[in-house]
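The structure follows.
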2 protein chains.
Amino acid sequence: MSTYHHGDLRAALLKGAGKALEKQGITALSLRDAARRAGVSHNAPYRHFADRDALLAALAAEGFRMLGEALRGKPGRARGEAYVRFALEHPQRFRLMFGGLLPLARHPELREAASRAYQGLVDAWKDMPDPQIAAAAAWSLVHGLAQLLLDGHFASQAADRDVFVARVLGAVRLAQRAA
Amino acid sequence: MSTYHHGDLRAALLKGAGKALEKQGITALSLRDAARRAGVSHNAPYRHFADRDALLAALAAEGFRMLGEALRGKPGRARGEAYVRFALEHPQRFRLMFGGLLPLARHPELREAASRAYQGLVDAWKDMPDPQIAAAAAWSLVHGLAQLLLDGHFASQAADRDVFVARVLGAVRLAQRAA
DNA sequence: ACCTGAACACCGTTCAAGT
DNA sequence: ACCTGAACACCGTTCAAGT
């Protein structure tokens with residue numbers, strides 16, 4: 001037993017990889033680096049993750065749980081602002097979650113975590129005549145805003161980000177009845 | 001002169017890389033592969049691109065020009081639908097453009113192409129009291145919708161994608177005056 | 001079960017050399 | 001100027017072997 005470095009190598013790998021992710025970005029995130037951070041051979045991670053994608057998917061699923069947590073209980077526009085804040089506070093995690101490197105179809109754990117986070121959004125619109133559509137519109141708006149802010153497309157206009165976000169979200173009304 | 005394979009190696013590299021991009025995705029896109037497709041040594045591309053990122057940036061800039069072209073002249077909601085269609089027709093190109101692998105700050109050519117595409121959107125809202133905010137909201141909405149559709153987050157609801165897109169876009173109204 | 005080192009086929013990038 | 005082959009330091013992944 002003393003030859004085993006970790007009681008929970010899987011958790012140690014995720015922690016190290018999470019650090020590497022935010023510091024260096026997705027591209028620089030390697031299995032070998034995660035193994036190094038955990039103090040094991042470059043091959044040990046394969047006991048816990050089938051391949052590099054499986055590690056990325058686990059990190060992304062963590063991200064969806066973090067996002068769901070950040071949104072929980074927030075009403076109306078505050079929820080949208082919390083969504084944007086999450087993206088800006090965890091830029092690389094957000095990109096990993098939505099960068100399309102991990103097709104949901106191939107990662108059931110990820111699909112599960114994502115739809116759980118999304119469910120909170122749907123519930124908030126359940127009194128509308130068309131809650132699915134309203135929720136999709138609301139999610140699209142805040143997601144697009146977060147992504148474009150992150151990429152710097154609104155840099156020139158967003159001297160004060162919080163004000164800019166509030167104004168954009170405030171400019172939109174969801175119709176009572178879809179066209 | 002006969003030892004030179006191409007009158008325009010740069011164009012040949014971009015073309016080959018564009019093909020590899022849509023077929024294999026961003027991760028699989030390598031300078032060495034692009035060189036192979038163009039029939040030159042793995043080192044020749046460095047005469048035209050400083051590094052791999054420069055090639056990616058050139059492909060992304062091409063993408064922004066394609067997007068601007070796809071939106072040109074489209075009125076109102078048709079523009080939003082064209083935006084979503086572009087993303088679905090060129091998924092990997094779209095991800096490259098917005099995946100954050102290429103910070104606009106580090107790639108002026110890219111920033112230029114992007115803001116040119118965005119300008120068309122701003123112009124469409126110039127009669128609103130707050131055109132910058134309205135344009136940002138409209139872009140956020142269609143961008144988020146495109147991205148989430150691409151990722152498969154609306155898969156269960158989007159049996160008929162065109163109808164779904166029309167309903168989501170139709171559910172939103174831009175207020176005459178920002179809050 | 002869990003971990004290891006060696007090996008294979010890939011990368012991006014640099015360098016010295018050829019025309 | 002443009003292109004080449006050799007070399008270096010990285011990868012992901014597989015394999016046979018150790019405890």
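Numbered from 1 within each chain, the chains take letters A, B, ... in sequence-line order. In what follows, every heavy atom counts, from backbone to side chain, and hydrogens, waters and symmetry copies are set aside. Owing to the predicted nature of the structure, the values given are computational and were not obtained by experimental measurement.
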How many Å lie between CZ on A/Arg36 and P on D/dC11, as a whole number?
4 Å
Check the orientation of A/Phe154 and A/Phe164. Use parallel for under 30°, tilted for 30 to 60°, and perpendicular for over 60°.
tilted
Using a 4.0 Å heavy-atom cut-off across all strands, classify B/Arg47 as base, sugar-phosphate, or nothing.
base
Rounded to whole Å, CG of A/Leu55 lies from C1' of D/dT13 at a distance of 15 Å
May I ask you to decide if the ring planes of A/Trp139 and A/Phe98 are parallel, tilted or perpendicular, using 30° and 60° as cut-offs?
perpendicular
For a quick check, tell me whether the side chain of A/His48 and the base of C/dA1 share a donor-acceptor pair closer than 3.5 Å.
no
May I have the distance from B/Asp8 (atom CG) to D/dA1 (atom P), rounded to whole angstrom?
18 Å
Whole Å only: how far is the NE2 atom of A/His42 from the P atom of C/dC8?
13 Å
Looking only at the side chain of B/Tyr46 (C-beta and beyond, no hydrogens), which of the listed nucleotides D/dT13, D/dC3, C/dT14 gets closest?
C/dT14
Any N or O donor-acceptor pair linking the side chain of B/Arg32 to the base of C/dT13 at under 3.5 Å?
yes
Expressed in angstrom and rounded to an integer, what is the separation of B/Leu29 atom CG from C/dC10 atom P?
17 Å
Please confirm whether any donor atom in the side chain of B/Asn43 sits under 3.5 Å from an acceptor in the base of C/dT13, or the reverse.
no
What is the base-pairing partner of D/dC8, counting Watson-Crick and G-U wobble geometry with both distances under 3.5 Å?
C/dG12
